[in-house]
Amino acid sequence: MKNSDLRAIPSVDAILRTPEGQRLSAQFGHDLAVSALRDVLSTIRETTKAGEEMPPAAQIISKADHLANSWISPSLLPVINATGIILHTNLGRAPLSAETIAAMDAVSGAYNNLEFDLGSGKRGKRSVHAEDLLKRLLDVESAFVVNNNAAATMLILSALARAKKVIIPHSQLVEIGGGFRVPDVMRQSGAKLAAIGTTNRIHLKDYENALEEGAALVMNAHHSNFKIIGFTTEPPQSEIAGLAHSYACPYVYDQGSGALLDTMPFGLPHEPTIQEALAGGVDLVCFSGDKLLGGPQAGIIVGRADLMAKIKKHPFARAVRADKTCLAGISATLTHYLKGEAVEKIPIWRMIARSEEDIRAQAFDWASQLGFCQVRAGFSMVGGGSLPEEQLPTHLISVSVEKPDQVMRSLRELAVPLIARIEDGKILFDPRTILPEQESVFLRQVQHVFSS
Ligand SMILES: *Cc1c(COP(=O)(O)O)cnc(C)c1O
């Protein structure tokens, strides 16, 4: 290395004075442009010392451009879900309806009456916004929306059972996923766990024996992500409710999925609905906003007004309150149910309701446009901690490749990352979970990856 080589490396200031440097600064702002140039020049100093030739000026600029771009590109991106798992927790759960997005958009860019009563001109309560819709839809006394269902469960237990006993069957002390374990949540809330029954069998008598000793709550949690089959029994909700009430003990149900529609007409097994739980005499039901409800992330509590009053007053309620976009989005999604248009308007219900023939026709159409794939029968899944392992017949596009893992990586590196499935060394795409507005990008990107 000659000293003259090092001296030939331009300074940041010198580069910024050139037209290209000025363009860089205009694009990213002065400070970011300086940081990027400093990083690039310091690397060049090292490589030049090590004997490499200094790159031309244009390359310095393009490296700095690349680097600055990598700093400001968002890490949270839209992706194409071709896995066929409708509620994919890792892929953001439920995509939203157009009306829901519009409602969330409308309140984010402007001031709004989040906590302002337009009638009286005085301070209002944020909780009213979705509450009236939930009351009308579910015929409940009261409703409350929080950040997510984990928070809803925690809040209910903290407000109603702190330092008191909560009766729950052994079989329901489950881990929902992502570290959410019912027993841990109960302990965190300060409630004392009284687990009853055995893993497979629980009788009304088990509840009765525990209630005899006194308890603040009877709680049930839906086995949303696993099944107990074989020699099992569980009393019906209405009997548990009747018994709990005879001991003046409230009965709470963590339903989880937020199913408001019966899943059976779509060829799926029965998923317990919110309405059934309420009809069975459950005092409070809580569920997620972004599972089978098909809305934005939220936790929704519905039921008895006297219990809800304690919940709304608890200090923890403030810590887990829903924001304006969530309330606007949940309200818009609930409106679809009220209008009886949920299956047509809510993306996840459209996907669940989509016929196998329709998907088959689309798969064959795409395969013929692409030219290098086969179509074969397979299954989609509801996923997302609801309807465990339940499958919906579908048709998949399949591509045989030599190195499937490598191809999967290329698919993930696309401008709109494409998440697919591998089975028997083949790449599989399920049309069911590809949104209609993503169709052309999907086809263009697949063509691009497999032609190169
Ligand atoms: C999914 C689920 C939760 C957690 O809900 P989040 O909205 O993800 O916080 C809690 N309980 C049950 C039964 C669930 O299915």
Side-chain angles (χ1 to χ4, degrees), residues 85-96 130 134 143-158 161 166 168-189 191 193 195 217-228 234 237 251-260 263 268-274 276-278 280 282 284-303 311 316-317 319-323 325-327 329-330 333-334 348 381-390:
I85 301 168
I86 296 171
L87 287 166
H88 200 305
T89 297
N90 304 139
L91 303 182
R93 290 196 183 150
L96 303 175
L134 284 160
F144 192 48
V145 180
V146 295
N147 189 47
N148 57 23
N149 191 33
T153 317
M154 187 88 166
L155 177 58
I156 292 172
L157 291 168
S158 306
V166 175
I168 184 166
H170 269 296
S171 60
Q172 296 174 12
L173 294 174
V174 300
E175 175 172 320
I176 307 294
F180 181 93
R181 290 177 155 191
V182 175
D184 294 345
V185 171
M186 297 183 82
R187 260 178 235 115
Q188 278 299 323
S189 70
L193 207 101
L217 277 186
V218 172
M219 179 156 173
N220 278 178
H222 179 35
H223 307 157
S224 29
N225 54 2
F226 71 105
K227 261 197 294 210
I228 299 182
E234 252 181 33
Q237 253 167 357
Y251 177 29
V252 172
Y253 180 44
D254 173 9
Q255 190 273 349
S257 76
L260 297 179
T263 46
L268 288 166
H270 182 68
E271 168 82 358
T273 65
I274 310 299
E276 284 163 4
L278 292 166
V282 176
L284 288 176
V285 186
C286 65
F287 50 98
S288 293
D290 53 355
K291 292 182 181 170
L292 284 176
L293 191 77
Q297 179 187 307
I300 299 174
I301 311 171
V302 294
I311 289 170
F316 189 54
V320 297
R321 70 184 186 180
D323 84 308
T325 53
C326 165
L327 291 167
I330 286 293
T333 302
L334 291 171
I348 60 140
M381 286 195 3
V382 177
S386 33
L387 297 162
E389 307 305 310
E390 295 311 339

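When a residue number appears, it is its place in the shown sequence, counting from 1. Ligands are counted one by one from 1 in listed order, and the atoms in each one are counted from 1 as well. All figures in this text were calculated on a predicted structure; none of them were measured in a lab.
Using 4.0 Å as the threshold, D254 has a heavy atom nearer than that to some atom of ligand 1.
No hydrogens or angles considered: a donor-acceptor pair under 3.5 Å links the side chains of Q172 and N220.
A heavy-atom distance below 4.5 Å is not found between the side chains of T263 and P269. Between Y251 and M219, every side-chain heavy-atom pair lies at or beyond the 4.5 Å cut-off. A 4.5 Å side-chain heavy-atom check between N148 and S288 finds every atom pair outside the cut-off.
Residue S257 has no nitrogen or oxygen atom sitting less than 3.5 Å from a nitrogen or oxygen atom of ligand 1, judged on distance alone. Between D290 and ligand 1, no N or O atom pair is found at a separation short of 3.5 Å. Residue-to-ligand polar distances keep A221 apart from ligand 1: every N/O pair is separated by 3.5 Å or more.
Nearest-residue assignment for atom 8 (O) of ligand 1 (options Q255, R93, K291, Q297; heavy-atom criterion): R93.
Under the rule for a side chain to side chain contact (heavy atoms under 4.5 Å, CB included), the partners of D184 that lie at least two apart in sequence or sit in another chain are R181, R187.
Within ligand 1, the atoms closer than 4.0 Å to a non-hydrogen atom of H222 are 13 (C), numbered from 1 in the order shown.
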